[in-house]
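Worth knowing before you read on, the calculation uses all heavy atoms, side chains too, and leaves out hydrogens, waters and symmetry mates.
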Amino acid sequence: MQAIEIARRMAELGQPQEALRAYTLAVHEGGLAPEEELEAAAFILQAGGDYEISYTCFLNLYRRGLYQEETLTLLTGAFYEPNIKELQGRYERNVKLLKKYPYLFRKDFPSFEELPIQFYPYSDDSYVPFFPARQEFGEFIDIRKPVISRNFFKDLEKPILAAEVYSQYELEYLRDNVRRSDYIGRENHVYLHYQDWGTFCAYLQCWNMRPLLEEEKIVFLIGDEIAQYPIDFKERFGIDYSQYPVKPIGIREVTRMIWLSQLQSHNGINFFAEILDGHPNLISAPAQMFDTTEEGINTWKENAKKIHGTAQIVKTTETVTRIQKELYCLKGVTDKDILVAGYLGDGRCTMATDPASRIVPALLLSPHFGYISYRILVDPKQNMTVLYSPEYEKIQNSPIFKNFKYIKSVSPFRRPTTSSAAGVRYTWRESQKSRETENATAVMDDVVPRLLNRSYLIDWQDRLFQDSVLVRFEDGKLNPKATFTALAEFLDLPYTESMTYCSTFGERDPESWKGDARGFDLRAVHETYPDFLGENERYFLEYFLRDVYEAYGYDFQYYDGRPMDERRVEELADHFGTIDRYIIESLKYATIHAPEEDGTPKEDFADDEIRAKYIEKFMKTTRENRLKTGKTLLRGLRFVNNHAQELKMMPLLKLDPALLEQPLYR
C-alpha cells in the first residue's frame, strides 16, 4: 500500500496519530496528485502536525493555479487572520513613531485596511506577502535572515545611500555600522530610498522601527525626494557637524566580524590575511592559534578580579590606556568586548584604520588550529552521515563568536591534492627539525583526514555560515583584481589600494614560512610538490572529492573517470608509496609515548627491533583505516546536520569576467 492509502485507512479506523504520520510521509515522498496533496495538507493542519508542511503545500497549489479558492481560504484562516491583530498593532506603533520623526518628510499614512500587501506569517520573522489587487503571493521573505546581501559601503565619498532595503537585519546593520555624524565631524546619515510609498508603509507591519529611530541616524526619502540627497544639515536644520572632533572607536561600536575560517591546513589563509591587512576599514592582526586567543581573554578575566572598583583604574591615567579604562568601566563585559579591546589597544592592528571613516571598522579574525579533525557518524539504514569536528565545535560554542551580531565567513580553498602534498611537506620538515629534541614529531597520513574533512559542506541553519563564501587560493594569486574586488563586495567593504598587495602590520610581502612564495609569487599555484604525494594518493583524493572538483571548478589531473569498486580501493590504498615513505622514515626518530595505565613506560622504543614492530603495526592500522574510509565513502553518503537537513556546498566567490587578467585556473 502507498503511504496515502495507509493514511486514509488509519483515519477511517479512528487512529489520527498513525494517519498523521502516514500523511506526512506521503507528502515527503512526493508524487501525489493535486487532490491528494490538498487532502494530506488539510489533515496535517487539522491534526496538529507540522504546520510548515501544510503552509507549503497550500501555497504551492495556489501558485500552480490549483484549488485556489480552497487554499486561499485555508491559508487566510490558519495563518493570516490569527495574526491580524499583531500585524495591525505593529503597524500602528511604527506609524506613531514615524509621524514624530524629523527625517521622514511624508506623513500621509494609509489605514491598515488600505495597505497594498498582506503578510502571511510563516514564523516569527518570516512571511509570504500577498497582493490582494493581483490575487498573487510573492516570494518568501525572512526579515531577520543574518545575511548582508549587497555592498552598502562600496563608496564612502558621500553619505550612505541604499534603495529598497526591507530586511530588519540589514536596517539594524546600517544603524550599527554607520558612525554618527557628531562622531566624525561631518554629515553622515544613512539615506534610505523607497520608490513606492504604499510598499514602504506595508512593511511597517513587519519592522520594529523603534530601535532604528532612536539615534536619528536615518533619513527616509520617498519617490522623487531622492533629489534631496545629500541634505545640507547646516542650512536646512541648523546643525553644524563640523564643530565636533573625531571620536575614537569605542569597544562596543565594533559589532561585525570578518572570519577567515580555516577549512583545512595549507589552503592559503595567511595569504588572504595579508591581503586584508592594512585595510582602512578593518582592525586586523595575523592569524594566531585559537587556544592562544582564548588564553589571552582568560588572563584578562583573572587580572580583572584583582582590581577593586573602576575608580582606581580611572585615576591611573599614566599607566592605563583609554581602551583599558573603557573596558574596565563597561558593565557585563563579554569575551567579545575583551577581544575587541585587545585589538583596539594594539597599535599595530589599527595602524591603517581610518578613525574618521563613515563606517565602524570590522574586526578581522583568523583563528588557527594545529590540527583539524573530522569524524563521520554513519546511519547505514538511512544512508545519512553527520559530520563532527571538535575544532568546529569550539568555534560554534565560543562566546566570542556568539557575541558578534554580524559575521561574514570567508573560507580560502586550494586544490586538494596540492594542499595535501603541501601538508606532508610541512610535517616532514617539522619532523626533521625536531629529531634531536625530546618531542620529535612524525608525519601522519594526510589523505584520509582530507577525505573526512567535509567542512566545505555547510549547515544552512548554522548562523556562522549563513553569510559565507569560499574563495579559491589560485584565483587570488592569478586574478587578484577580479578576486579581491569581488571579495570586497561580499565583505561590504570598499575595494582599496591595500588589497592590491600583501602585508603584515604594514610590512610588505612578509615570509610566512622560510623559503615559501611571498605575495603574488605564482610558485604556490604551479608547484604541486610531487615529491611529497604520489599518483595513487592523488587519484584516491580526486575520486572521493569529485563533488568538490565539480563545484569549485577544478579539473581532474589524476582520476581518469573509471568506476571505483572495493577491489580498486584496495589496490590504491595498498600503494600509497610516497606518503608512506615519509611516515615510516619519520617514525624511526619520533618520540613515541605508549605508557601503561599506571604511567610506567610500556616498551623501550629506543630498541630498534621493538620500534620496527611498532612501525609495522602502525602502518597496518593506517592502511586498514584507508580501506575502511574508502569503502564507507563508496556508498555515496548523504551528509546532514543534527536535524537531518541536508548540508549544502559553500557558495563559491564569483568573479567578474571583465576583470580577469588570466584564464580561470582549472
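Checked by atom type and distance alone, the side chain of Asp354 never pairs as donor or acceptor with a backbone atom of Pro280 at under 3.5 Å. With hydrogens and angles ignored, the 3.5 Å screen pairs no side-chain donor or acceptor of Ser398 with any backbone N or O of Lys394. No donor-acceptor distance shorter than 3.5 angstrom exists from the side chain of Asp346 to the backbone of Gly342, with no hydrogens or angles considered. Under the 3.5 Å distance criterion, the side-chain polar atoms of Glu187 are left unmatched by any main-chain donor or acceptor of Pro159.
Proximity of Ser468 to Ser411: side-chain heavy atoms (C-beta onward) are nowhere separated by under 4.5 Å. Counting heavy atoms from C-beta on, the side chains of Leu344 and Ile283 come closer than 4.5 Å. Between Tyr328 and Val333 there is no side-chain heavy-atom pair separated by less than 4.5 Å. Using a 4.5 Å heavy-atom cutoff, the side chains of Val147 and Tyr169 are not in contact. The shortest distance between side-chain heavy atoms of Tyr127 and Asn83 does not fall below 4.5 Å. At a threshold of 4.5 Å between non-hydrogen side-chain atoms, the residues Tyr194 and Val165 count as touching. Here the side chains of Asp142 and Gln168 are not in contact, with every heavy-atom distance at 4.5 Å or above. Looking only at side-chain heavy atoms (C-beta outward), Trp259 and Phe404 stay at 4.5 Å or farther from each other.
A donor-acceptor pair shorter than 3.5 Å can be found between the side chains of Ser503 and Asp277. Inspection of the Gln262 and Ser366 side chains reveals no N or O donor paired with an N or O acceptor under 3.5 Å. Thr483 and Asp475 are not linked by any side-chain donor-acceptor pair at a separation below 3.5 angstrom, with hydrogens and angles left out of the test. In summary, the side chains of Tyr173 and Asp492 do present a donor paired with an acceptor at a separation below 3.5 Å, with no hydrogens or angles considered. Judged purely by distance below 3.5 Å, without hydrogens or angles, the side chains of Arg450 and Ser265 pair a donor atom with an acceptor atom.
Taking each heavy atom of Ile218 and His189 in turn, the nearest pair found is N-CD2, 4.4 Å. Looking at every heavy atom in both residues, Leu98 comes nearest to Leu213 through CD2-CD1, 3.9 Å. The two atoms that bring Ser409 and Phe465 nearest to each other are OG-CE2, 3.7 Å, heavy atoms only. Between Ala486 and Leu655, the shortest heavy-atom distance links the atoms CB-CD2, 4.1 Å. Here the closest heavy-atom approach between residue Asp337 and residue Gly332 is recorded as OD2-O, 4.0 Å. Scanning both residues, Glu661 and Leu478, for their nearest heavy atoms gives CB-O, 4.4 Å.
Atom NZ of Lys405 has more than 12 neighbouring heavy atoms from other residues, nucleotides or ligands inside a 6.0 Å radius. For Glu646, the CD atom counts as densely surrounded, since its 6.0 Å shell holds more than 12 non-hydrogen atoms of other residues, nucleotides or ligands.
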Handout entry: Worked check of side chain to side chain contact (heavy atoms under 4.5 Å, CB included) between Leu276 and Met499
Key = CA-CA 6 Å; Leu276 293 172; Met499 301 181 78; 3.9 Å; yes

Handout entry: Trace of the side chain to side chain contact (heavy atoms under 4.5 Å, CB included) decision for Phe473 with Arg415
Key = CA-CA 8 Å; Phe473 172 73; Arg415 178 183 288 278; over 6 Å; no

Exercise for the section: Walk me through it: do Tyr456 and Arg454 pass the test side chain to side chain donor-acceptor pair (under 3.5 Å)? Expected result: CA-CA 5 Å; Tyr456 53 86; Arg454 303 274 163 156; 3.2 Å; yes

Exercise for the section: Go through the steps for Asn281 and Phe153 under the test side chain to side chain contact (heavy atoms under 4.5 Å, CB included), then give the verdict. Expected result: CA-CA 10 Å; Asn281 301 112; Phe153 304 146; over 6 Å; no

Practice task
Apply side chain to side chain contact (heavy atoms under 4.5 Å, CB included) to Leu493 and Ile258, showing your working.
Solution key: CA-CA 11 Å; Leu493 293 170; Ile258 292 171; 4.0 Å; yes

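Atom SG in Cys502 sits 11.5 Å away from atom CZ in Arg518 (nearest 0.5 Å). Note: Leu364 CG to Leu260 CG = 5.0 Å, rounded to the nearest 0.5 Å. The CD1 atom of Ile395 sits 3.5 Å away from the CZ atom of Phe401 when rounded to the nearest 0.5 Å. The CD atom of Glu391 sits 10.0 Å away from the CD atom of Glu393 when rounded to the nearest 0.5 Å. Rounding to the nearest 0.5 angstrom, the gap separating the CZ atom in Phe200 from the OH atom in Tyr166 is 9.0 Å. Taken from OG in Ser126 to OH in Tyr120, the straight-line distance is 15.5 Å, to the nearest 0.5 Å.
Asp176 and Arg256 are not joined by a salt bridge, as no carboxylate oxygen comes within less than 4.0 angstrom of a charged side-chain nitrogen. Under a 4.0 Å N-O distance rule, the pair Arg175/Glu215 does not qualify as a salt bridge. The pair Asp182-Lys247 fails the salt-bridge criterion, with no side-chain N (NZ, NE, NH1 or NH2) lying under 4.0 Å from an Asp/Glu carboxylate O. Note on Glu214 versus Arg210: no salt bridge recorded, every NZ/NE/NH1/NH2 to OD/OE distance being 4.0 Å or above. In this structure, Glu326 pairs ionically with Arg322, as a charged nitrogen and a carboxylate oxygen lie closer than 4.0 Å.
Between Tyr203 and Phe119, the gap from one ring centroid to the other is short of 6.0 Å.
Classification of the Tyr101-Phe220 ring pair by plane angle, with boundaries at 30° and 60°, yields perpendicular. Ring geometry, Tyr244 versus Tyr241: the interplanar angle falls from 30° to 60°, so the pair is classed tilted. Classified by interplanar angle (parallel below 30°, tilted 30° to 60°, perpendicular above 60°), the ring pair Phe290/Phe369 is tilted.
Cation-pi geometry between Arg472 and Tyr554 is met: the NZ or CZ atom falls under 6.0 Å from the ring centre, inside 45° of the normal. The cationic atom of Lys477 (NZ for Lys, CZ for Arg) lies less than 6.0 Å from the six-membered ring centre of Phe271 and within 45° of the ring axis.
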